[in-house]
Amino acid sequence: MDKKVKKALENIPTKKIGFFPTPLHRLNNISKKYGVDIYMKRDDLSGPEFGGNKIRKLEFIVADAMVKKAEYIITYGAIQTNHGRETIAASRMYGLKPILYLIVEEKPKEFKGNLLLDKIMDAEIHYVIPAQGMGAYEAVVAASENAKDRINELEAEGHKCYDCPAGGFIPLGCLGFVQGFIELENQLKKKSLEVDYIIHATGSGGTLAGLLAGKFITGSGTKIISFSVDKEAPDKIDKISESVREIGRLINVDIDENFSKEEINIDSNYYGEGYEIPNEGSTAAIKELAKEEGIILDPVYTAKAMNGLLDYIKSGKIAKGKKVVFWHTGGTPAIFSEREIVGKVYD
Ligand SMILES: *Cc1c(COP(=O)(O)O)cnc(C)c1O
């Protein structure tokens, strides 16, 4: 990577929130079992609080909110949103006041998993009940409409608000995953490793956009495979492509001409019935990783991506002898949530 890119990245304000670099290590037992070298990138340990992939984005987003002199940060998510919980923790570190809009079927009577943490960190929480027939992710995006009145009210009283979209998916936030990609490249180099695939779960698409930009900038030949966690919005690929180009503009790299949508490999065959709904394969993946490696996957994202990865290996889509990095994007608190979300992880 040339010095100009490095400099451009350094010139964008960030706030220190996470513990980076996150560990990269080999999963010895399942690597042996499947005959594929599987490494794990531990963004579940990115801290605080309980870590997760949104921390990388929030280092840029919180800094931006502070440059803009915001007092409040508003964001959105489903009941077990990791992004919401990570945003609240990051806001608390820097004295910003967090407001969370949660999409729920009904107002919760109990607070579990991420929602328990949201309550302990004392965020202002609003519950939004979606229109019938609306997909969960679609509803999260629609929730921003509900926040407009609250934002207007606060601003009329002279309080500046920073509106952060679901998943923290803005090009500025995606820079966190450009850095993440570079961080991984450096770790691989130190281990004299070249990997064939990076595997991860995709939700809003922000992580993927950042990884793709990182891949472009470093000239890496690693293929990125992304597993969906819900029915995809029809414009997702376009939105990601546009973001990759926008990320390039933020750091003075001309990605426009050279980025092809063909680079985006999203597989929607493993999310099952939908967002926050476990399935047989994803539950089996949680149990397998726990039993073989002592590692806990989250039921909403990483379990679905791991099920995809293991199935790719079993079906030969990923050949024996290949090298893979599985990006553990976090979400661990959801394992302490409602049984309908966790799945049948024990008999
Ligand atoms: C948000 C999230 C993802 C997906 O990241 P996007 O940038 O929204 O695509 C994956 N895994 C976990 C645990 C998450 O919380």
Side-chain angles (χ1 to χ4, degrees), residues 18 22 40-46 49-58 60-61 75-90 113-115 117-118 136-137 140-141 164-181 198-214 224-230 232-233 236-237 239-240 243-244 247 264-268 270-271 275-276 278 282 285-286 289 295-309 326-337 341-342:
T22 56
M40 192 175 259
K41 179 70 174 149
R42 301 298 299 271
D43 275 17
D44 56 323
L45 305 178
S46 66
E49 208 23 83
F50 293 89
N53 64 335
K54 306 311 182 300
I55 301 290
R56 292 188 188 274
K57 302 182 190 179
L58 285 161
F60 288 89
I61 290 171
T75 201
Y76 313 88
I79 188 157
Q80 284 298 330
T81 175
N82 302 301
H83 164 68
R85 180 255 310 157
E86 289 167 68
T87 303
I88 295 166
N114 282 296
L115 183 54
L117 302 174
D118 303 340
Y137 234 90
V140 172
V141 177
C164 177
F169 186 8
I170 51 171
L172 183 73
C174 296
L175 286 174
F177 268 93
V178 173
Q179 276 183 338
F181 194 95
I198 290 173
I199 308 286
H200 75 113
T202 179
S204 69
T207 298
L208 176 52
L211 290 175
L212 287 166
I224 301 169
I225 301 176
S226 315
F227 290 101
S228 308
V229 296
D230 197 4
E232 295 293 0
K236 182 164 175 176
I237 304 258
K239 204 174 153 202
I240 289 173
S243 300
V244 172
I247 294 164
I264 305 177
N265 307 293
I266 298 179
D267 188 330
S268 293
Y270 296 92
Y271 67 76
Y275 189 68
E276 290 189 341
S282 62
I286 292 178
L289 262 285
I295 288 172
I296 302 299
L297 298 174
D298 85 291
V300 183
Y301 292 91
T302 49
K304 292 187 175 176
M306 181 57 79
N307 181 35
L309 168 60
F326 181 90
W327 211 299
H328 193 322
T329 41
T332 328
I335 208 79
F336 306 110
S337 71
I341 293 176
V342 177

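Side chains are part of it too, since the values below use all heavy atoms of this structure and drop only hydrogens, waters and symmetry mates. In listed order, ligands and their atoms are each counted from 1.
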Please identify which atoms of ligand 1 are closer than 4.0 Å to at least one heavy atom of Lys57. 6 (P), 7 (O), 8 (O)
Main chain of Gln80, side chain of Glu276: is a donor-acceptor contact present, judged purely on distance under 3.5 Å? yes
Cys164 backbone acceptor or donor facing Thr75 side chain under 3.5 Å: yes
Proximity to ligand 1 by part of Lys54, non-hydrogen separation under 4.0 Å: side chain
Looking only at N/O atoms, are Gly203 and ligand 1 under 3.5 Å apart anywhere? yes
Near Gly331, which atoms of ligand 1 are under 4.0 Å from a heavy atom of that residue? 13 (C)
Closer than 4.0 Å to some heavy atom of Thr202 - which atoms of ligand 1 meet that? 9 (O)
Main-chain N/O of Glu49 paired to Arg85 side chain as donor or acceptor, under 3.5 Å: yes
Relative to the heavy atoms of Ala201, which atoms of ligand 1 are at a distance of less than 4.0 Å? 4 (C), 10 (C)
Is the shortest N/O to N/O distance between Ser204 and ligand 1 below 3.5 Å? yes
Atom indices of ligand 1 within 4.0 angstrom of Asn82 heavy atoms, with elements: 13 (C), 14 (C), 15 (O)
Please list, in number order, the atoms of ligand 1 under 4.0 Å from a heavy atom of Thr329. 10 (C), 11 (N), 12 (C), 13 (C)
Taking distance alone, with no angle check, do Thr302 and ligand 1 share an N/O pair under 3.5 Å? no
Go through ligand 1 atom by atom and flag the ones less than 4.0 Å from a non-hydrogen atom of Gly206. 7 (O), 9 (O)
So does Pro278 get a backbone contact from the side chain of Ser282, meaning a donor-acceptor N/O pair under 3.5 Å? no
Between Asp43 (side chain only) and Ser46 (backbone N and O only), is there a donor and an acceptor less than 3.5 Å apart? no
Heteroatom proximity flag, Asp298 to ligand 1, N/O under 3.5 Å: no
Would you mind telling me which of Lys41, Arg42, His328 makes a side chain to side chain donor-acceptor pair (under 3.5 Å) with Thr22? Lys41
Checking His200 side chain against Ile224 main chain: does a donor-acceptor pair fall under 3.5 Å? no
Within the side chain of Lys236, is there an N or O that forms a donor-acceptor pair under 3.5 Å with the backbone of Gly203? yes
Got a donor-acceptor contact below 3.5 angstrom from the Lys304 side chain to the Tyr270 backbone? no
Tell me which part of Asn53 gets within contact of ligand 1: side chain, backbone, both or neither, using heavy atoms under 4.0 Å. side chain
